[in-house]
Structures are given as C-alpha cells and as structure tokens.
Amino acid sequence: MTAIQAHFRAVAPPVVLMGAVLVLWQVACWAYPHPEPGPVSVAATLLHLMGKAYFWHNAAATGRSFLLASGISIAVGGALGLLIGSSRLLSWYLAPLLMIFQTVPKITLYPIVLELFGLGMAPKVAFGVMHGVIPVYFITSRLVAGVRKVLLRSARVMRLGAAERFYFVIVPAILPDMIATLRVSVALCLLGVLIGEMFASHSGLGFMAVNAINLGDTPVTLAVGFFLAFMAVGINTLLLYCEHKLRH
Amino acid sequence: QPGARAAEISVTQWGQSMYGAPYAVALHDGLFKPCGDIDGIIGSAGGGSTVRNMMASDLPYAEVAFPAAVAAIAHHLDVIIVNVGTDTPAGASVVTTKTSAIHTLADLAGHKVAITTPRASSEMLLLMELQHKGIDPASVHRVASGGYVQGLSMLDSGEVDAAVLIEPLAIRRRDDYRTVVRAEDILPPMTMSVGITTRAFASAHPDTLRCIIGQRRKAVERLYAAPAEAATILAEVYHMPPELARVAIDNMVKAHMWSDGAIDTTELNRAADGLKLIGELKGDIDWNTAVNSSFLN
Amino acid sequence: MTENGQTDVPCVELRQVEQRFTTRKGGNVHALGPLDLTLRRGEFLSIVGPSGCGKSTLLDILSGLARPAAGQALLNGQPIRGVPDGVGIVFQEDASFGWLTVENNIAFGLKRRGLARDDIAARVEHALDFMGLRRFRTSYPSQLSGGMRQRVCIARTLVMRPSLILLDEPFGALDQQTRLLMGDELLRLWRETNATILLITHSLDEAVMLSDRIGVMSARPGRLIKLVETGWPRERDSTVVSSPHYGDLLSEIWAPLRAESNHHMAANNA
Amino acid sequence: MTENGQTDVPCVELRQVEQRFTTRKGGNVHALGPLDLTLRRGEFLSIVGPSGCGKSTLLDILSGLARPAAGQALLNGQPIRGVPDGVGIVFQEDASFGWLTVENNIAFGLKRRGLARDDIAARVEHALDFMGLRRFRTSYPSQLSGGMRQRVCIARTLVMRPSLILLDEPFGALDQQTRLLMGDELLRLWRETNATILLITHSLDEAVMLSDRIGVMSARPGRLIKLVETGWPRERDSTVVSSPHYGDLLSEIWAPLRAESNHHMAANNA
Amino acid sequence: MKTGLTAIPYALRLLLIVVLVGLWQVFCSIGLLGTGIVPAPVTIWHDMCAVMGQSASRAALWLSLRDILIAALIAGAGGIAVGMIVHPIRLLRAALEPYLASYYAVPTFIFYPALITVTGSGRLPIILISIMLGIVAMITTTLTALDGVSRSIVRTARVFGLTPLQNVMYVRIPAAAPMLLSGLRLCVSYAFIGVIASEFIMSDAGVGYQIAYAYDNFDTDTMYGYIGCVVVLAAATTLGFDMIAAEPVKREGA
Ligand SMILES: Nc1ncnc2c1ncn2[C@@H]1O[C@H](COP(=O)(O)OP(=O)(O)OP(=O)(O)O)[C@@H](O)[C@H]1O
Ligand SMILES: Nc1ncnc2c1ncn2[C@@H]1O[C@H](COP(=O)(O)OP(=O)(O)OP(=O)(O)O)[C@@H](O)[C@H]1O
Ligand SMILES: [Mg+2]
Ligand SMILES: [Mg+2]
C-alpha cells in the first residue's frame with residue numbers, strides 16, 4: 001500500500017507535467033493554426049510508424065550502436081577516471097586536455113572520424129563514444145577523488161592490495177553516485193550516435209530524422225524526436241531504479 | 001560488426017531526393033546481385049560529404065551532385081566521372097506564397113529570394129534562370145536560409161518574398177505555395193548528378209563498375225517503362241507516402257530526368273558554366289582526364 | 001608482569017619522532033615532536049592534548065600509514081614500515097562502509113583474510129552482542145546514528161583480534177552516558193584479550209578512568225609534556241570516578257592542559 | 001528577581017509540545033514529546049539526553065524553524081511563528097560561511113541588519129577578542145579547525161546581542177580543556193547581557209557547571225524525565241567543579257541517564 | 001614570490017601541451033601518422049594563419065564567438081535562475097527531474113526547422129538552440145549545487161531573517177559558487193558545441209559553416225585552419241576558466 005503510494009508519488013509529477021505540456025501544445029495548435037502539427041497528429045504518426053517493421057529496424061540499429069557506444073564509454077571513461085582521479089598529479093595535467101576535447105564541437109571532427117573509421121556502424125559508435133567518454137571520465141574521477149580518505153586508510157590498515165582496494169572499497173563507494181551521473185552521460189552517447197547517423201548511414205533513427213527534415217515531414221521528425229525522448233526517459237528511469245537499489 | 005567497411009554504394013541525399021530512384025528500383029529487384037556483395041545504399045548529407053563517404057567506402061562508387069564532383073576534381077582528389085546520373089534541372093523551382101504579387105521571374109527584381117547556402121546548386125540554378133531571361137542578378141537579393149525547409153519557413157514568416165525549392169519537398173507542400181518558375185521550363189538539359197569512382201578502383205575493378213552502371217541503366221529503363229510500379233517500389237524503399245512517390249516519379253518521367261549514363265560534353269560544360277557563374281569554378285576542366293566513359297558498356 | 005597486567009616489555013618505542021607537512025601553498029607545518037614514548041606490552045595508555053596538536057599524526061606513524069620526518073618508530077623492536085600485522089586502528093572519522101550491512105562491515109576484514117565461514121560467523125555474532133548492534137545487523141550505516149556507526153568501526157577492528165589497538169577519539173560521536181558504558185566494555189575487552197591499547201581522547205574523565213598511564217601533549221608541534229601513572233588495578237570500571245584519587249589525577253592533567261590552552265588562546269589573539 | 005539573576009517571568013513556554021516526522025519511505029517517527037517546559041527570563045538552562053532523543057528538534061521549534069505537530073510553543077506569551085526577533089541560535093553542525101573571511105562571517109548579520117559601519121567594526125573587534133579569533137580574522141573557514149569554525153558561528157550569533165540564545169551542542173568540536181574555557185566565557189557573557197540561554201550538551205560536566213537548571217530527557221520520543229535546580233550563584237565559573245555539591249548534582253542527573261542508556265542498549269540487542 | 005610559485009604548475013601544464021603537440025609533429029614528420037588522417041601541427045598552424053589573415057574569416061570567427069558568449073551568458077544566468085526557482089518547489093522538481101536527466105539524448109537540432117517557423121531564421125535560432133543545449137546543464141548543476149549547501153547554512157540564513165532576494169544573493173549563490181562555476185564552464189562548452197554544430201549543420205555563416213563549406217569543397221587547408229582555430233579557442237576558454245575558477249574553489253577547501 002505505502003509502497004504503491006510512494007511509487008505513485010514518484011511517477012505522478014513528471015507524468016502530470018508532460019500531460020500539461022501536451023495539452024497546452026494541442027490547445028495552442030487549435031487556437032493558432034500553424035504548419036506545425038499538434039501532439040495528436042504526432043502521436044498518430046508515431047503509432048503509425050510503430051506499426052512498421054522498418055521503424056523497428058531503424059530503432060534497433062540505433063539501439064545497437066548506442067549500447068556499444070555506452071559500453072565503451074563507461075569502460076574507457078571509467079578506467080580513465082579511476083586512474084586519473086586517484087592521482088592529483090595526473091588530474092592536474094590531464095584533466096584540462098580532456099576538458100578541451102569536451103569543448104571542441106565533435107561534429108567538426110567528423111572528417112577525421114570518417115577517415116579513421118570508414119562507413120557503417122563503426123563511425124557511429126565512435127561518435128557516440130566521443131560524446132560520452134569524457135563526461136564518464138569526469139564523473140568517475142570526481143567521485144574517485146571524493147572517496148573519503150578515511151575509507152582508503154581503512155583499506156590500507158586492513159592491508160588490502162591495490163586491486164582489492166579498487167574492487168572492495170573504491171568501486172562500491174562510488175557506484176550509486178556513478179549511476180546517478182551516468183544517466184546524463186549515456187544520454188550524450190545516444191546523441192553522438194544520432195549525429196553519426198545523420199551524416200552517413202542508411203538506417204537508424206538519426207537517418208530517419210534527417211530524411212524527414214529534408215522532406216519537410218514535420219510529423220515524422222517530431223515523432224522520431226518524441227520516440228527518442230521516451231527512450232531516453234525510459235533508460236533514465238531504469239538507471240534511477242538501479243541507483244535506488246544500490247543506495248542505502 | 002564495427003570496423004568492417006560496408007560494401008555499399010553512396011548516393012547523395014538517399015531517401016530524400018529523386019536521384020536515388022534508379023537505385024531504389026535496382027535494390028528492390030536485386031539487380032545489383034551480379035555485381036558482387038553490395039548490401040545496400042548509403043545516404044549522406046549531400047555535397048562533398050558524399051564524395052568523402054565514397055572514398056571511405058570499400059565500394060568506392062557514388063552518385064553525387066555535379067558541383068561536388070567538380071569540386072573534388074578541382075582539388076585534385078583521386079576522382080573520375082564514369083557516368084551521368086541526371087541531366088536536367090527538373091524538379092527545381094522558385095515558389096512564393098499564394099497571395100504574393102510575384103508571378104514571373106522578372107517580378108523578383110527588388111525582392112528577396114531564399115536560397116539554401118551561398119554557391120550551392122540552388123543559387124546556381126536561380127542565377128542561370130535570371131541570366132537566361134536577361135535579368136540583372138544583382139537586382140535580386142539572395143538570402144541564404146541554410147536549407148529548403150528553412151527557406152519555406154522564411155517565406156512563411158515574410159522574411160523573404162520567394163524561395164527556391166526542389167521535389168519531392170515541393171510536391172508535399174504544393175498546396176501551400178505557388179510556383180513562379182520551374183527550372184526545366186527555362187534551362188536546357190545539363191548535367192546535374194554524376195557517377196564517380198576513384199582511379200584506383202576503376203583500374204582494379206572495371207567489371208564491377210561496368211556492372212553497376214549497366215544495372216542502373218536497366219533500372220532507369222524500368223522506371224520509364226513502368227512508372228506506376230516504380231512509384232510503388234520507391235514508396236516502399238523510401239518509406240514515403242505512395243501518392244507522393246507517384247507524383248514525383250510522374251514529374252521526373254515527364255522531364256526525362258534520369259540519364260542512361262551517357263556522358264555529353266555539352267551538358268557537362270553547361271553545368272560547368274553555371275558553376276563559374278557562382279564562382280565555384282575558376283578555370284576550365286579538362287574533361288578528357290576527368291571523365292572516363294569506358295565503363296558505359 | 002606487574003600486578004595490573006601490564007609488562008615492562010616495550011611494545012612500541014618512539015625515539016625523537018617528528019612529523020612535518022608541506023601545505024599546498026608550499027608552507028611547512030611542524031606538526032609533531034620531537035617526541036619520545038614507550039608503550040609497554042599489555043598496557044592501556046591514553047593521550048590527551050589540545051586539538052591540532054598532532055595526536056592523529058602520531059597514530060598514523062604508529063600504524064605505519066605515515067613515515068616520520070625524523071626519529072625512529074619501533075614495533076616489537078623492528079622499525080615500522082608499512083602497516084604491520086596485528087595492529088588495529090579505529091579512526092576519528094566515520095570509516096564504516098556505506099555499501100555494506102552492519103554484519104558485513106564487521107566481517108569485511110575477516111573475509112579478506114580468508115578465514116573459515118564458521119569462524120567468521122562466530123566472531124561477528126560475538127561482536128554484534130558486544131557492541132549492542134544485534135538489532136541493526138542488517139541495517140546499512142546510513143540508517144544508523146553517528147555513534148552507532150562508530151561502534152561498527154570499533155567492532156570491525158576488534159574482530160581481527162589485534163594485539164595493538166590504536167583508538168583515535170573513538171567515542172567522539174557518542175553522548176557522555178554511552179561513552180561511559182562503552183568505556184567499561186573496552187576495559188573488559190582489554191582484560192580479556194591482553195591487547196595493548198593506545199587511546200586518544202578529548203575527554204579527561206575518560207582518560208583518567210580507563211588508563212594505566214596518561215600522556216599529556218602540548219599544543220602543536222605536539223610534545224609529551226606530562227606522563228601520569230594512574231595506578232588503577234587491572235580489574236576496574238567507571239566506578240573509579242567516585243574514588244578520591246580520581247579528582248587528584250584529573251587536576252594533575254588538567255593543570256598543564258589549562259596552561260597550554262590559555263597560552264594558545266593568547267597566541268591566537270596576538 | 002531572585003538572587004541569582006533569573007526572574008520568574010516566563011520567557012519561553014512549551015505546552016504538551018510534540019513533533020513527528022514522516023520518513024521518506026512513508027514511515028512515521030515520533031521524535032519528541034509530549035513535553036512541557038518553561039524557560040524563565042534570564043535563566044541558564046541546559047538540556048541533556050541520549051543522542052537522537054529530539055534535542056535539536058526541540059530547538060527547531062523554539063527558534064521557529066519548525067512548527068510542532070501538536071501542543072503550543074510561546075515566546076513572551078505569543079505563539080512562535082517564523083523566526084522571532086531577538087533569538088540567536090548556534091547549530092550543532094558547522095554553519096560558517098565558507099566564502100567569507102572570519103571577520104566577514106561575524107559581521108554578516110550586522111550588515112544585513114544595516115547597522116552603522118563603526119558599530120559593526122566595534123562589535124566585530126570585540127567578538128574576535130572574545131572568541132580568540134583575532135589571528136584568524138582574514139582566514140577562511142576551510143583554513144580553520146572544526147573547533148575554530150564553531151567559535152566563528154558562536155561569535156556571529158552573539159554579535160547580534162540576542163535576548164534568547166539557543167545553543168545546540170556548540171562545543172562538540174572542541175577539546176575538553178577548550179570547552180571549559182569557553183564555558184567560562186559563556187557564563188561571563190550571560191551575566192553581562194542578561195540574556196536567557198538554553199544550552200544543549202552531551203557533556204554532563206558542562207551542564208552541571210554552567211546551568212541554573214538542568215533538564216534530562218528520555219530516549220526518543222524525548223520527554224523531560226528530570227529537572228534539577230543547581231542553585232549556583234550568578235557569579236560562578238568552572239571552579240565549581242571542586243565544590244562537593246558538584247558530585248551530587250552529577251550523580252543526580254547521571255542516574256536517570258544511565259538507566260535510559262542501559263534500557264536502550266538492551267533494546268538494541270533484543 | 002607567492003604568485004611566482006603558484007604559476008609554476010600552470011606553466012608546466014602548458015609545457016605538457018607543447019610537448020604533446022611537438023610529439024604529434026614528430027610522428028607526422030616521420031610518417032607514423034598519415035597526413036591523410038590529420039595534418040601535422042605546423043601545417044595546421046600555417047592553415048590557421050592563412051585563415052586568420054582574411055578579414056572575412058575573422059568576421060566569421062567573431063560572429064561565432066559573439067554568439068557563443070551571448071548563449072553562454074543567457075544559458076548560465078537563466079539556468080541559475082530556473083534552478084533557484086525550481087529547487088524549493090519539491091513537486092515541480094520531481095516533475096522536471098527525469099526530463100532534465102534524459103534531455104541530452106534528444107538531438108536538439110531536430111527541432112530546428114520547427115524552431116525557425118517561430119523565430120525566423122538568422123542567428124536567433126542558433127543562439128536559441130545553444131541556450132537550449134546549455135541551460136539544462138546549468139539547471140542541473142544549480143540544483144545539485146543547492147542540494148550541496150548544508151542544511152545548517154540554509155537554516156542560518158533563515159535565522160538571520162533574510163528576504164528571499166538577500167537569501168539568494170548573500171547565501172545561496174556564494175555557497176554554491178564553486179559548483180556553479182563548474183556549471184558555467186559546462187555552459188560555455190555547450191554554447192560552443194551548440195553554435196558551431198548548428199552552423200555546421202544548417203547555417204550560412206560562422207566558423208561552423210565555414211568548416212562545413214570547406215569540407216564540402218575539399219578545401220582541406222581552410223578546413224583544418226578553422227578547426228585549429230576552434231580547438232585553440234576551446235582550449236583558451238577552458239584553461240582561462242580554470243584559472244578564474246581556481247580561487248573560489250580553493251578557498252572553499254575543495
Ligand atoms: N596532510 C597534512 N598537510 C598539512 N598539514 C597537516 C596535514 N595533516 C595534519 N596537518 C596539520 O598537523 C597538525 C596536527 O594534525 P592532527 O590531525 O594530528 O591533530 P590532532 O591532534 O589529531 O587534532 P584533533 O584533536 O582535532 O583530532 C594540525 O595542525 C593539522 O592542520
Ligand atoms: N526530518 C526528519 N525526518 C525524519 N526523522 C527525523 C528528522 N529530523 C529528525 N528526525 C529523527 O528524530 C529524532 C530526533 O532527532 P534530533 O536531531 O532532534 O535528535 P538529537 O537529540 O538532537 O540528537 P543528537 O544528540 O544526536 O544531536 C532522531 O531519531 C532523528 O532520526
Ligand atoms: Mg585527530
Ligand atoms: Mg542534535
């Protein structure tokens with residue numbers, strides 16, 4: 001009973017907000033006829049699309065690249081974070097380099113990515129990783145640097161080796177916060193993958209979106225946009241759930 | 001799997017423009033099967049990026065917009081033209097709002113027209129049309145919008161008085177605007193898109209090239225022979241409303257848009273003159289080295 | 001062995017130990033010493049001193065977490081290098097592992113050492129009772145008060161059965177009444193295990209009540225300015241508070257500390 | 001006015017005050033009460049009690065930071081709504097402003113109140129001396145020890161010259177010797193300003209030494225289980241420790257607390 | 001003396017960058033890095049000089065830079081303001097939070113065509129997109145920063161009876177300052193990405209457009225010249241921001 005209530009309390013506000021925005025949007029469309037479609041027609045388009053095999057084919061293509069890109073981002077960014085975050089010296093010298101990379105608009109590096117990875121899934125994944133890996137690194141290193149010194153000292157007193165210290169102390173200590181902030185970085189991976197699909201691809205939701213844009217098919221553009229938004233919120237909710245499970 | 005290079009043909013604006021229709025038919029009918037392991041068509045943002053995509057691909061054959069091919073050749077990229085894709089500017093038009101006072105090309109003088117980006121083919125065609133009608137290009141203010149859809153938005157909001165447009169977008173929005181002029185009504189045939197490859201690939205795999213070009217020609221023949229069937233195929237491959245595909249195919253068939261591949265130097269030169277008009281091309285191009293027509297049969 | 005259970009065998013010897021730190025701005029802090037101190041095997045020694053005088057620094061040196069800048073630190077006659085076996089330490093700050101339940105926190109060190117399951121279970125059960133944590137065995141530290149968490153840390157250290165126990169202000173987070181009860185428990189444990197205990201505390205009562213000897217440290221850089229022998233029997237508890245000797249001891253350590261504090265106050269206003 | 005300076009005029013009155021919290025998981029915590037307490041104008045009252053018994057909760061109600069779930073809280077006969085004028089509070093946790101220097105921390109409230117520059121400067125100078133912070137006037141809190149930071153918070157509250165001072169374990173971060181000295185300072189201040197003081201402390205010594213009256217609270221939900229009048233004269237300092245009455249008072253409040261603590265320990269192992 | 005000492009690490013940091021660039025040059029010179037992939041730094045430097053020598057390119061650069069600044073400032077200030085307003089309203093925050101966290105997965109520029117029907121074209125939609133990109137990072141950071149302000153500080157502010165405005169100006173913003181600064185840094189980096197990526201994809205002016213244009217026209221020299229300028233600008237803002245932010249962060253004892 002109370003569990004259901006608590007659940008309701010967590011879910012209700014975002015749903016209500018989304019509902020309110022959609023209603024306002026629809027009302028605006030009725031009140032002010034405009035070439036832009038309202039939520040009802042976008043929803044209809046989305047439903048229509050979701051009945052099509054090619055839509056799911058595209059969604060799956062995006063999903064595969066996204067999973068791979070987030071996996072690599074988390075592994076590489078996490079490893080960099082653990083390494084650099086646990087050393088003041090390394091972070092002083094390497095952090096700004098990575099931050100510069102973060103600031104460079106990745107899209108301008110598209111020519112180089114194409115040169116290095118060719119066509120197909122690889123450049124999309126590379127683009128996803130380029131967007132996601134630095135945020136993962138930053139988060140991890142900040143968390144690792146923030147692990148309370150007394151925990152590390154306890155580990156030393158218990159005569160744990162470096163590997164044991166990572167595995168039994170540092171990783172569990174940062175895990176919940178890590179998942180909390182990973183929510184933002186995997187979203188960036190998805191963005192990177194989509195951008196890759198917009199440039200050179202024959203499948204994927206990014207490809208669909210860019211075609212729809214150039215065909216002036218706004219309902220499909222928005223339908224794809226909203227589908228992506230739903231997916232993102234879904235992933236976010238899943239990670240939030242994991243985080244709650246891990247936090248005591 | 002990642003890292004494996006796709007054996008795909010690159011086609012500019014695949015999924016969006018009519019350049020790709022023969023490929024859609026060929027793909028649907030499995031016409032490319034004899035040419036080797038071709039697992040599809042890859043699209044790209046158009047312009048030079050199609051050329052780049054082609055060069056990064058394992059199957060370096062692409063159909064690209066003519067200006068992009070010329071730019072690549074002018075910049076000494078390892079690119080040669082091996083066939084012609086389309087040789088009429090059909091599908092390009094200038095539109096205005098239903099209530100506008102602009103009715104002819106001459107009315108554009110003193111008004112603002114949205115083009116996509118400076119020195120893009122949209123500007124080229126507009127200038128060629130003006131030149132053809134003897135109108136001073138300087139009297140028409142060209143405003144870059146960034147894209148066709150954006151141009152229409154500017155037209156809607158009154159920022160410009162007319163906008164350039166292409167099909168099939170023009171068909172989708174035909175009820176909202178009035179066409180001022182259609183390029184095919186004014187301009188003579190000229191090369192709009194070409195098939196290109198790298199010299200290395202051409203000397204290593206002449207048979208593959210011959211096969212692709214030949215099968216494309218078969219697809220073009222089918223397009224002209226059975227437009228209704230082709231429209232159904234295009235709608236399916238492009239995930240386009242069938243009605244839209246039908247009108248688009250019919251228009252293109254009428255204008256005889258798709259070439260069987262034959263290369264006509266006059267048409268090449270006409271298009272090159274257009275590029276000179278917008279300053280994209282400075283000198284002349286030696287078609288003897290830039291073109292290799294030996295794969296046409 | 002003397003009648004109160006402590007021996008004359010030195011367990012820990014510090015000879016002219018000093019510690020210095022470089023601050024981030026490049027300054028130099030003389031944190032401790034020079035300091036001479038001998039801890040006899042089996043004794044219960046408390047250290048009191050103004051805050052910031054270097055007590056925790058001293059503990060770091062004894063536990064091998066830090067090397068002294070000068071002087072020598074010996075454990076059982078051997079120079080201390082790295083964390084030696086058989087040393088348990090309870091830190092001033094909360095060091096409980098937030099991701100483990102109370103019982104897993106307590107079992108953590110035992111598991112890492114690879115003890116048999118039964119043995120671990122038995123020791124954990126005993127520690128849970130001992131520290132009054134039974135009801136919270138499956139709770140996570142965040143669900144406990146600061147005092148309870150500190151008990152978890154004490155239990156986690158004690159289950160390892162260290163022969164030298166270093167306690168840095170372990171009862172700081174507890175209210176005074178609980179402190180007293182915990183003190184009694186600590187005495188019982190000390191008697192049962194024959195361990196050597198070094199207790200750092202801010203509370204003079206606690207020091208007087210629990211220890212065989214009390215060391216008083218000066219303000220930073222901390223030096224030993226007084227070493228007082230209490231003379232309590234090994235069998236003792238918090239009831240010693242009512243002994244007349246208690247007041248004498250209290251004032252004996254209070255006098256130098258008061259002087260230090262006053263001196264410090266004055267210096268801060270200089 | 002009685003001979004020790006306190007009056008019989010009630011300053012604060014609590015009638016059947018209770019507080020409850022809803023935890024995030026939807027549970028209900030009965031944190032405090034029902035509790036009746038009258039604070040006389042000008043008196044120095046201390047509250048002791050096991051941790052988690054609701055002492056800070058009580059202070060929140062008195063300072064208007066929280067409304068009681070049941071019962072009435074009156075200040076000068078008026079129900080407390082919002083933070084009343086003339087109430088100063090020092091929190092248990094460090095509340096110094098990390099972005100301001102020590103002197104700007106102390107001047108903060110005065111500046112917000114729009115006092116004249118000279119007046120602010122004079123009061124800040126006095127507070128710096130009073131709290132032994134002169135040497136650190138331009139330091140930032142992060143450069144100070146926990147105890148020093150707490151002094152900054154005390155000074156920041158006292159410069160406002162509140163007529164009711166609420167202190168939540170203000171000396172918790174200090175070592176015992178400094179606590180004693182600060183206690184003496186607090187007594188001096190109390191005499192000089194005629195303020196009413198409510199002090200929450202974990203230290204029984206402190207409570208006995210400083211107060212006119214001592215309230216002892218039960219474990220959660222905290223109720224007043226004992227109210228002891230010390231009978232000290234208004235002119236007093238930490239030397240009362242040596243008075244025989246001191247020990248009596250100590251055991252008088254220690255007895256119920258020990259019972260509470262034992263009870264609690266037993267419950268935890270249930 | 002003191003400043004001289006603290007400047008050393010910064011100098012070493014710069015030195016490291018110089019050394020890395022030097023290594024890159026060496027790799028290119030001995031052919032370990034194919035020039036087909038990335039040109040040597042010296043080449044890029046020449047390209048940059050060539051680009052910067054033209055007033056049209058300088059104008060493009062300036063245009064982008066101006067809009068990056070405008071977008072970063074508006075996104076920063078707006079994000080802080082929204083964060084401040086949303087933070088105390090628990091329901092609103094609960095309602096917004098899932099969208100804030102998943103926001104970055106949606107490629108904002110999908111909505112560009114829809115946007116310009118409302119805003120018209122030109123620089124406004126680009127700035128708006130960049131603001132949309134940056135403001136959410138700022139809101140999120142502001143919320144986290146305000147969460148990080150300790151309860152006792154918030155309560156102290158209440159005890160001093162501050163007005164809401166005073167509370168924000170004198171307590172909340174300074175208390176959250178170190179984190180807000182890192183949020184601002186994110187904002188700048190998003191503004192960078194927003195402006196240049198929008199220009200790259202769908203505009204007709206600015207550095208991003210110039211890169212895309214040069215790319216489309218196989219003008220590799222100009223393209224790398226512009227990319228070099230963008231990277232140098234990104235580096236300058238990042239390092240500059242670090243130096244500005246260092247002081248308050250250190251003071252708070254991070
Ligand atoms: N790593 C360090 N760098 C610079 N100074 C340090 C460092 N560690 C400790 N100090 C300084 O050395 C002195 C002694 O510190 P220490 O923690 O040993 O004091 P303490 O006696 O344990 O204090 P407390 O009673 O408050 O716990 C302090 O002044 C402290 O500021
Ligand atoms: N906001 C809250 N929500 C739920 N429970 C709370 C809340 N605030 C306090 N409590 C609970 O109410 C009880 C009383 O808390 P309070 O902080 O008043 O205790 P205290 O006597 O001040 O303890 P200490 O001596 O440790 O400072 C505690 O058990 C605490 O866990
Ligand atoms: Mg210490
Ligand atoms: Mg409290």
Side-chain angles (χ1 to χ4, degrees), chain A residues 9-10 12-18 34-36 92-97 99-112 115-116 131 180 183-191 194-195 198 206 209-210 213 216 218 221-222 224-226 228-229 231-237 239-240, chain E residues 9 12-13 16-17 20 34 36-38 90-114 117-118 137 140 185-186 188-189 192-197 200-201 207-208 211-212 215 220 223 226-227 230-231 233-235 237-239 241-242:
Chain A
R9 222 175 282 152
V15 170
V16 168
L17 179 75
M18 179 52 85
H34 211 262
E36 294 323 311
W92 175 257
Y93 290 107
L94 297 185
L97 291 183
M99 190 66 201
I100 292 169
F101 181 71
Q102 171 69 4
T103 304
V104 173
K106 309 304 169 289
I107 217 161
T108 60
L109 304 180
Y110 175 73
I112 299 170
E115 205 67 60
L116 285 174
H131 280 79
R183 291 190 277 143
V184 175
S185 12
V186 297
L188 286 169
C189 282
L190 184 52
L191 175 68
L194 290 169
I195 292 180
M198 294 173 86
V210 78
I213 289 177
T218 322
T221 313
L222 291 183
V224 170
F226 274 87
L228 285 169
M231 289 317 289
V233 171
I235 295 166
N236 180 48
T237 313
L239 286 174
L240 195 66
Chain E
L12 283 176
R13 224 193 222 185
L16 176 76
I17 295 176
L20 285 179
I37 299 173
V38 268
R90 223 192 276 179
L91 258 178
L92 184 56
R93 187 173 175 192
L96 277 176
E97 209 117 64
Y99 302 116
L100 294 179
S102 18
Y103 182 82
Y104 283 103
V106 183
T108 321
F109 32 83
I110 278 192
F111 301 107
Y112 185 82
T117 61
V118 181
T140 319
R185 181 158 86 164
L186 268 183
V188 172
S189 106
F192 236 98
I193 294 170
V195 167
I196 290 175
F200 189 95
I201 296 173
V207 185
I211 294 174
Y215 175 67
T220 320
M223 179 182 83
Y226 278 114
I227 292 183
V230 168
V231 172
L233 269 180
T237 32
T238 304
L239 296 180
F241 218 93
D242 255 20

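Computed from a prediction, not measured in an experiment: that's the story for all the values here. In the text below, chain A, chain B and the rest are named by the order of the sequence lines, each starting its count at 1.
Both the backbone and the side chain of A/Met18 come within less than 4.5 Å of a heavy atom of chain E. The contact between E/Leu91 and chain A is made by backbone and side chain atoms together, counting heavy-atom distances below 4.5 Å. With a 4.5 angstrom heavy-atom cutoff, E/Leu20 touches chain A only via side-chain atoms. Both the backbone and the side chain of E/Phe192 have a heavy atom closer than 4.5 Å to some heavy atom of chain A. Residue A/Val16: no heavy atom, backbone or side chain, is found under 4.5 Å from chain E.
Residues A/Asn236 and E/Tyr99 form no side-chain contact, since every pair of their non-hydrogen atoms from C-beta on lies 4.5 Å or further apart.
The CG atom of A/Leu191 sits 10.5 Å away from atom OH of E/Tyr103, with the distance rounded to the nearest 0.5 Å.
Top candidate by heavy-atom pairs under 4.5 Å with chain A, chosen from E/Ile193, E/Val230, E/Val207, is E/Ile193. The candidate with the highest count of non-hydrogen atom pairs below 4.5 Å against chain E, out of A/Cys189, A/Pro13, A/Ala229, A/Gly206, is A/Pro13.
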